[in-house]
Amino acid sequence: METMERYDPQAIEAKWQKVWADEQSFHVPNPEPSELASGRLKSYVVEMLPYPSGDLHMGHTLNYTIGDVSTHLRRRKGIQVLRPMGYDAFGLPAENAAIKEGGHPRTVTERNIASIREQMHRMGWAIDWGREISTHDPAYYRWTQWLFLRFYERGLAYRKEAPVKWCPNDQTVLANEQVVDGRCERCGAEVEAKSLTQWFFRITDYADELLDEMDLLEDWPERVLTMQRNWIGRSAGARVVFSVEGSGEELPVFTTRPDTLFGATFFVLAPEHPLVAELVEGTEHAVEVLDYVRRTSARSEVERAEKEKDGVFTGRFAVNPVNGEPIPIWVADYVLMGYGTGAIMAVPAHDERDHAFAERYGIDVRQVVAPEGVSLPESGAYVAHSASEVLVNSGAFDGLPSPEAKERIVADLAARGLGEQTIGYRLRDWLFSRQRYWGCPIPIIHCPSCGEVGVPDDQLPIELPDITEVAPKGRSPLAAAEDWVQTTCPTCGGPALRETDTMDTFVDSSWYFIRYTDPANTELPFDRPIADYWLPVNQYIGGIEHAVLHLLYARFFVKVMNELGLCSFREPFARLFNQGMITAGGAKMSKSKGNVVNPLEFAGRYGADTVRLYTLFMGPADEDMDWQANGLEGIWRFLNRLWRIGHEQAGKPAGDPGTGALARKAHRTIAKVTDDIDRRFSFHTPIAAVMELVNDIQRSPADPAARFATETAVSLIQPYAPHVAEEIWSVLGEGRLWERPWPEADAPLLVEDEVEIVVQVNGKVRDRLRVAAAIDDEALLALALASEKVQAHVDGKELRKTVVVSGRLVSLVV
RNA sequence: GCCGAAGUGGCGGAAUUGGUAGACGCACCGGACUCAAAAUCCGGCGCCUGAAAGGGCGUGGGGGUUCGAUUCCCCCCUUCGGCACCA
């Protein structure tokens, strides 16, 4: 036998990567204005852009290989596919690295970008490099600032003093979404409560749209939608106005149980409630109450939640609007200022927390709803509410079912101006200002006479000044750049100061997927017709960790951009795929644990194709997977086998494959691979299917369909392993594989002409018969009954029932 | 506590609409080739029982529906994820 070149992934991969780079094979130009409505098949595939940490990790490899498979498949189906890449370049890691090294964050970031770009090329991903963007580039953040100003003009970005979460380690405030179990999402430090003046986006104005417009999404994982729903936390209830006895001052509360109003036996204010100090001023309770408020503010969130419920009496009373009854007003930290009105009516008979509190302080418990027909137990009984209950002890409302009572009581209050139906949300406004250097400057000027003034558009971008001391000190390091801070007011021309906080990086990443469509635009963030042509994103791919961060913010941004007339779509991402996490030894990979697996290391040993295939072969891409390096061997063997078979078959004439078993297998494989990737988003099962096909070819290399089957296998594996597939194709097929049409299965050949039929007796498999697929049910039943193995179990017993499923089985009951 | 997802050989996993459980791969065992090794190829590989043919059991546990259940229903256990003093 002639000697054959060995499979040498390093040489092959370098060769094809050079071709793709030189020819810009994956560059997709925007359509001309006249082509926008051409009805041409197009698709927009975006993967969450990487934070340029310098090293490509397994998460990137999985993410971008999924995107690559989707992209190649769509492209070869004749669809014009946009698939760009960029860098989420602002943020703490680069800044912290720079502080450690003594360099500038920009230097560190740009070095990392160069490195990660190089590694992406090395993996052979089919990216349109002509649209590369980076969020730290003034040409990009100019438009982040421009968008901020549009939000600001509409009152959707505002500054206020509020209780906020502060990370003592990162020396900056955090958004609610960045606090996990009372800790900083990034560094794990326990967050502190502070009251500071900060910038917010009014995302709460969009709570209903963020919930209701989930209907516009084509296909998102249910778990992400559930997390967003939980996060927004919409609940229907009522606003009921109590008043302070004596002063008449209004004390509105939010409740989901207005039917229990007659059971309110006390009233509670959050310690941060603005009326607390006023209520106790000059009374004997003042010292104790103010002391309690001080102690509470020193407690962390976690501490507050875990300790036993406590509180103090203010000495004042609130008037219950349903019966005029005065009830004592307490201050307790189990009531949160951030939800509802920061005040509650407490109904200890029907709320566990209120009950615990009442027990501790000896407050009355008054039952006001009970299961229908049940006579009232002695006073003080605690009843958890159940499905069907009627009111008791509630004056004119006694006997009414709870749901009806809710409406009637609120209607009654509304008539007196003391209540209304309303909706409560858990979602808070998005706190986006940060006291750090390496972020997008907020384009605002503070003028002693004009107040807060937006920077005029023609002065954008407000560039981040170069400063040497970027370490955080609890206020923005930018404040130290005096030449930069000192400016003139655009309105009055007088001396003024620049805003020194920077934006959260989640602002940068809330619109980048639109910038890709028009990355060089110097007039606008993007051209509306072009953006409308490509968006919404047909396939968005990324990690689950952004379920309520980036994915919620980006949806909010797009809704506002839509209302600003910048685009006509309401949702950014039609379909979302969340890939699982790749762990090492069952644990999340991290530098501190020293268990980081570097894909490039394995690409150096086996080639990028093997690494790409293996990351997808490990398991379902949307589940977590543990990295087992020895599994790579199986993929390596498979590619070597494909290589050998490809070269063997290349020496044979390409005759008629016929309609034999191997030809049929090839067609079935085409159908399965296409369906699995396209419809099921199953990326690992197609690999197994192609392996099966290759195993079959190996068993019968002289089959008339062997060459066709080999071409098919190479063609089907191309989206996963584009280099080796291309190389084999160059000796086996015509043209360039990445430009070849995706194979189509021949429907008649998908049907087997002979099938295996299972015969069950009383539910147990007793025989398997090979029969013609076209056999009719009667003949099949006769054949089954004729089987010796079957007869051994039927054995003269009475046949009670027979079931024949054509092409599958015969089931006999005796 | 509430919500969601999952539990299948030694391991990763497959079984798409209720119809052959364990595809494909790893590991392991045996064989061929080789002076030998590597590579490659062929075969075996759920558990129990049996010389074999076969038989029994088997998809976290228990029940149910069905001719037939990994798949549907009920109860329970475990793991993971989210939310959590949200009134």
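Chain letters run A, B, ... following the sequence lines, proteins first and then strands; every chain starts at 1. Values in this document were obtained by computation on a predicted structure and should not be read as measured data.
Looking at the side chain of Arg426(A), the nearest of the listed nucleotides A84(B), G82(B), G54(B) is A84(B). Of the candidate nucleotides C67(B), G55(B), U40(B), G55(B) has the atom nearest to the side chain of His793(A).
Between the Arg770(A) side chain and the Glu754(A) main chain, a donor and an acceptor come within less than 3.5 Å of each other. Under the 3.5 Å distance criterion, the side-chain polar atoms of His350(A) are matched with a main-chain donor or acceptor of Val368(A).
Taking atom C1' in both A21(B) and C75(B), the straight-line distance is 25 Å, to the nearest Å. For the C1' atoms, the distance from C67(B) to C11(B) is 36 Å, rounded to whole Å. Separating the P atom of G25(B) from that of G18(B) is a span of 29 Å, rounded to the nearest Å. Separating the C1' atom of G10(B) from that of C76(B) is a span of 29 Å, rounded to the nearest Å. Separation of the C1' atoms belonging to G81(B) and A27(B) is 31 Å when rounded to the nearest angstrom. Atom C1' of A23(B) sits at a distance of 39 Å from the matching atom of C83(B), rounded to the whole Å. Rounded to whole Å, the P atom of A69(B) lies 26 Å from the corresponding atom of C77(B). Using C1' as the reference atom, G55(B) and G62(B) are 26 Å apart when rounded to the nearest Å.
Protein atom CE of Met227(A) is 12 Å distant from nucleotide atom P of A84(B), rounded to whole Å. As a whole-Å value, the separation of Ile544(A) CD1 from G4(B) P is 15 Å. G54(B) atom C1' lies 14 Å from atom NZ of Lys764(A), rounded to whole Å. Between the CG atom of Asn630(A) and the C1' atom of C28(B) there is a distance of 12 Å, rounded to whole Å. In this structure, CH2 of Trp636(A) is placed 14 Å from C1' of A38(B), rounded to the nearest angstrom. Atom C1' of nucleotide A84(B) and atom CH2 of Trp231(A) are separated by 11 Å, given to the nearest angstrom. At whole-Å resolution of the value, CG in Leu225(A) and C1' in C3(B) are 14 Å apart. Summarising the geometry, the separation between CZ on Phe267(A) and P on A87(B) is reported as 16 Å, rounded to the nearest angstrom.
Checking the phosphate oxygens (OP1, OP2) of G55(B), a side-chain nitrogen or oxygen of Arg766(A) falls inside 4.0 Å.
Separation of the Phe266(A) and Phe357(A) ring centroids falls under the 6.0 Å cut-off.
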If a protein heavy atom is under 4.0 Å from the base, mark B; if only from the sugar-phosphate, S; if neither, -; do that for nucleotides 13-25 of chain B going 5' to 3'.
-> SSSB--BBS-BBS
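Judged by Watson-Crick or G-U wobble contacts below 3.5 Å, the nucleotide A51(B) has no partner. Across the strands present, U78(B) finds its partner in A6(B); the criterion is a Watson-Crick or G-U wobble pair with both atom distances under 3.5 angstrom. Of the nucleotides present, A32(B) is the one that pairs with U40(B) by Watson-Crick or G-U wobble criteria, both distances under 3.5 Å. Pair assignment for G46(B): C57(B), on the basis of Watson-Crick or G-U wobble contacts that are both within less than 3.5 Å. Using the Watson-Crick or G-U wobble rule with both distances under 3.5 Å, G1(B) pairs with C83(B).
If you check every strand for non-hydrogen atoms under 4.0 Å, Ser235(A) touches sugar and phosphate atoms only. Using a 4.0 Å heavy-atom distance criterion, Val548(A) is classed as making no nucleic acid contact.
Each of Glu222(A) and Gln698(A) was matched to the nucleotide of RNA chain B holding its nearest heavy atom; the match closer to the 5' end belongs to Glu222(A).
The aromatic rings of Tyr606(A) and Phe602(A) sit parallel to each other, their planes meeting at less than 30°, with 60° as the upper class boundary.
Syn is the classification of G9(B), since its glycosidic angle stays within 90° of 0.
No side-chain N or O of Asp8(A) forms a donor-acceptor pair with one of Gln10(A) less than 3.5 Å apart. With hydrogens and angles left out, the side-chain atoms of Trp430(A) and Glu177(A) include no donor and acceptor closer than 3.5 Å.
In summary, Asp310(A) and Arg360(A) do not engage in a salt bridge, as defined by a charged side-chain N under 4.0 Å from a carboxylate O. For the pair Arg257(A) and Asp351(A), the salt-bridge criterion is not met [side-chain N within less than 4.0 Å of a carboxylate O].
Between Tyr720(A) and Ile687(A), the closest side-chain pair of non-hydrogen atoms falls below 4.5 Å.
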